[in-house]
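Working notes, structure below.
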Amino acid sequence: MGNEEAVFFSRLLTELTLSFHIIYATIGVGIPLMIFIAQWVGIKKQDEHYILLARRWTRGFVITVAVGVVTGTAIGLQLSLLWPNFMQLAGNVIALPLFMETFAFFFEAIFLGIYLYTWDRFKDQRKHMLLLIPVAIGASFSAVFITMVNAFMNTPQGFDLENGVLVNVKPLVAMFNPAMPTKVAHVLSTAYMTSAFILASVGAFRLLKGSNHVYHKKALFLTMKIGLIFSIASAVIGDFSGKYLAEYQPEKLAAYEWHFETEEGAPLILFGVLKDNHEVKYALEIPYALSILAHGDPYAEVIGLDQFSEDVIPPLYIHYLFDLMVTIGMVVAMVSLVYVVGTWLRRRFVNANWFLWIVFTTGPLAMLAIEAGWWLTEVGRQPWVLRGMMRTADAATTSNHVDSMLLLFTGLYLVLGVGSVIVLTRMFRKNPVEQELADRHGEGR
């Protein structure tokens, strides 16, 4: 296997691992907040259905955490095996946030175990709910610290480069780099949004399958409200991300938008097909919108790809990923808005099967947007693994066995993915809500 093949398979395996891990990582970050909100609403309203929501969501969450641990471990292993040159160069800089991410996970896991096994030990549910605070904080800060590493790769700082070695390292300066605020905020808001829509999909599916229990209706309304709030937050943070890119990674923003010529009053291009000679066909062009996104001024100048050499311009197909991410974000926000407003106004269509099927799609669509967003940001950094300092081709291993590793890990992820779906399905199928409520009422008598 040549060096180019080793780089190709290293990138492919890393993409596969991150794409699989992000599913469980997103759920791992967002679900603890959903559990906390459900239990808080249940205590406030003295409603057993919301308390049961929190209890059942926690059981499913534990399964996803277990899978997330395996895939997270795989990422750590692959960083050393597939990208040894990058780790040799930058390992001492990113060691602190990587360690803090591990610490945050253990912090979360300890309190999750206590929370899970003390459900019936507290007469006052409010004391039990307090155990969720460190779980939610630990889950969110796991994402914060690992995103700091990714942000550092986009805007490296906090060191001096001498003879190809990073010296005078200032870990906190490296962690709090210019990319960090928008990246961390966007990762958290989209994780909360996606987790809410996944749970909403579950509720919609149960209603579609004939269960008319008020439990599922309450679950659906709660999660759609949360999904709406965080979809709006994600859009606002996305606007800040555009302004960050315009200042620190203008070539990335220009590639996102197929913005080839530097100009004032730049339009935003959505959709379209790229032809030869940078000709864009069938696009929706919004006048001045790119200048507003980049600088908050409709007449501001936006740097185009004409200002960069060919060898540092990211692959232009990332525009399609940008379109996919933005389109899904708008769709799920609109569906949640229509559902919430329709429910408040007591419109019948919100309970119609055709609309519940639309609601059901929000979970899978939101997760697809998460995937598209990560592919977008990672491919958009190419050809750099550490922007402006180390190219991806120079960071990868020269091993001849990466293709074998790809097959091995593909099999592992297939087993984990199928296994987790089977376990979750059987867990809830054998213990339906109606039966659990009946049993609890029986115990109460």
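Since the structure is predicted, the reported quantities are computational estimates derived from the model, not experimental observations.
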>> Tell me every residue that passes side chain to side chain donor-acceptor pair (under 3.5 Å) with E378, counting only those two or more places apart in sequence or in another chain.
In response: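 Result, side chain to side chain donor-acceptor pair (under 3.5 Å) vs E378: N150, R381.
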May I ask you to check whether [X] and [Y] show a side-chain donor-acceptor distance below 3.5 Å?
{"X": "T182", "Y": "K243", "value": "no"}
{"X": "T392", "Y": "W83", "value": "no"}
{"X": "K183", "Y": "T377", "value": "yes"}
{"X": "T26", "Y": "T194", "value": "no"}

> Has M334 got more than 12 heavy atoms of other residues, nucleotides or ligands less than 6.0 Å from its CE?
Replying inline: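 Result for CE/M334: open.
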> So does F86 have more than 12 non-hydrogen atoms from other groups sitting under 6.0 Å from CZ?
Replying inline: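 For F86, atom CZ is crowded (more than 12 foreign heavy atoms under 6.0 Å).
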Under 3.5 Å donor-acceptor, [X] side chain and [Y] backbone:
{"X": "T362", "Y": "V359", "answer": "yes"}
{"X": "N154", "Y": "A179", "answer": "no"}
{"X": "D306", "Y": "T262", "answer": "yes"}
{"X": "H186", "Y": "I237", "answer": "no"}
{"X": "S291", "Y": "A266", "answer": "yes"}
{"X": "S201", "Y": "G363", "answer": "yes"}
{"X": "T223", "Y": "L220", "answer": "yes"}
{"X": "H259", "Y": "V302", "answer": "yes"}
{"X": "N177", "Y": "M175", "answer": "yes"}
{"X": "D323", "Y": "L270", "answer": "no"}

Would you please indicate yes or no on a ring centroid separation below 6.0 angstrom for [Y] and [X]?
{"X": "F111", "Y": "F107", "value": "yes"}
{"X": "Y320", "Y": "W258", "value": "yes"}
{"X": "Y115", "Y": "H128", "value": "yes"}

> With under 30° as parallel and over 60° as perpendicular, where do the rings of F20 and Y24 fit, or are they tilted in between?
Replying inline: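 Tilted: the ring planes of F20 and Y24 meet at 30° to 60°.
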>> Checking D311 now: which residues fulfil salt bridge (Lys or Arg N to Asp or Glu O under 4.0 Å) with it, not counting sequence neighbours?
In response: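 Here the qualifying residues are R391.
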>> What I'd like to find out is whether the side chain of S140 reaches to under 4.5 Å of the side chain of Y192, using heavy atoms alone.
In response: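 SC-SC contact between S140 and Y192 confirmed.
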> Roughly how far, to the nearest 0.5 Å, is CD1 of I370 from OG of S195?
Replying inline: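 So the gap between those two atoms works out to 8.0 Å.
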> Between M224 and L228, is a side-chain contact (heavy atoms from CB on, under 4.5 Å) present by the stated rule, with each step listed?
Replying inline: CA-CA 6 Å; M224 289 298 275; L228 174 61; over 6 Å; no
